[in-house]
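Only one structure is covered here, and it is reproduced in the block below.
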Amino acid sequence: MCSVEIAELGSELRRRRAAAGRTIASVAADAGLSVPYIANLENGRGNPTLSAVSSLAAALGAQLTVSLTEGGAGPAEPLPDSLVRFSREPRFRAEVTHLAAANHAPAADVGARLLTAMAAMASLAPRPPTDLDWHRLLDTVVLLTRA
């Protein structure tokens, strides 16, 4: 990434964090990164890895999408706001932690995959999903993944 792109990434990270009313420390804890690392990124410094940016995105209730495509493939659909709010709830975070441990995978990656799957399932519904719908979808994942 060039310095302009890093500055844009940093601005976007700061905007999302502030919009969520979160501190750098809380995002750092969820992403498994240090406070100085995130502060540097928000200030347009550093050279982040895709893994670090993916962890930050998941901690902020977003998903990092990287694609190498021919032609004009459109951007990924944004997650519904109600799902982003749901992803901040203790139950969601606890289930992500459990799934990550069971699969020996980074929690940020599991969380991003889970959010994408839940959004895809909800897109089949004829109405916007409610908080109860998000709990039901998470219940389905729990039932499918626990022995």
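Residue numbers run from 1 in the order of the sequence given. Just the heavy atoms: all of them, side chains too, but no hydrogens, waters or symmetry mates, feed the values below. Since the model is a prediction, treat every value here as computed from it, not as a measurement.
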First locate atom CD1 of Ile6, then atom CG of Leu13, and finally report the distance between them rounded to the nearest 0.5 Å.
11.5 Å

How would you list all residue pairs meeting salt bridge (Lys or Arg N to Asp or Glu O under 4.0 Å) that involve residues 95-112, not counting sequence neighbours?
Glu95-Arg146

Distance, nearest 0.5 Å, that separates CD1 of Ile38 from CG of Asn43:
12.0 Å

To the closest 0.5 Å, what do you measure between CD1 (Ile24) and CG (Asn40)?
9.5 Å

Just jot down the side-chain contact (heavy atoms from CB on, under 4.5 Å) partners of Ser11, sequence neighbours excluded, or say none.
none

Other residues, nucleotides, ligands: >12 heavy atoms within 6.0 Å of Arg113 CZ:
no

Residues two or more places apart in sequence or in another chain: which of them pass salt bridge (Lys or Arg N to Asp or Glu O under 4.0 Å) with Arg136?
Asp133

Among residues at least two apart in sequence or on other chains, which ones pass side-chain contact (heavy atoms from CB on, under 4.5 Å) with Ala105?
Asn103, Val110

Would a hydrophobic clustering, with Ile, Leu, Val, Met, Phe, Trp and Tyr connected at side-chain separations under 4.5 Å, put Leu50 with Val27?
yes

The criterion is side-chain contact (heavy atoms from CB on, under 4.5 Å); which residues satisfy it with Ala120, sequence neighbours excluded?
none

Indicate, with yes or no, if Leu64 and Val84 share a hydrophobic cluster defined by side-chain heavy-atom contacts under 4.5 Å among Ile, Leu, Val, Met, Phe, Trp and Tyr.
no

Under the rule for salt bridge (Lys or Arg N to Asp or Glu O under 4.0 Å), what residues qualify as partners of Glu42, not counting sequence neighbours?
Arg14, Arg17

With Thr140, which residues qualify under side-chain contact (heavy atoms from CB on, under 4.5 Å), at least two apart?
Leu144

Considering residues at least two apart in sequence or located in another chain, which fulfil the side-chain hydrogen bond (donor to acceptor under 3.5 Å, both in side chains) criterion with Ser82?
Trp134

Between Ala107 and Ala100, which heavy-atom pair has the shortest distance, and what is it?
CA-CB, 3.6 Å

Sequence neighbours excluded, which residues qualify as salt bridge (Lys or Arg N to Asp or Glu O under 4.0 Å) partners of Glu12?
Arg15, Arg16

Under the salt bridge (Lys or Arg N to Asp or Glu O under 4.0 Å) test, which residues partner Arg93, sequence neighbours left out?
Asp30

Holding to ring-ring contact (aromatic ring centres under 6.0 Å, His included), I want the full list of residues that pass it with His135, two or more places apart in sequence or in another chain.
Phe86

Name each donor-acceptor pair under 3.5 Å that joins a side chain in residues 52-63 to protein atoms two or more places apart or in another chain, with its distance.
residue: Ser55; atom: OG; partner: Ser51; partner atom: O; Å: 3.1
residue: Gln63; atom: OE1; partner: Thr116; partner atom: OG1; Å: 2.4
residue: Gln63; atom: NE2; partner: Thr116; partner atom: OG1; Å: 3.1

Closest approach of Leu9 to Pro48 (non-hydrogen atoms, all atoms of both residues)
CD2-CG, 3.9 Å

Would you say that Val141 contacts Leu99 through its side chain, given a criterion of any heavy-atom pair below 4.5 Å between the two side chains?
yes

Could you report the tightest heavy-atom contact between Leu138 and Phe92, atom names first, then the distance?
CD2-CA, 4.0 Å

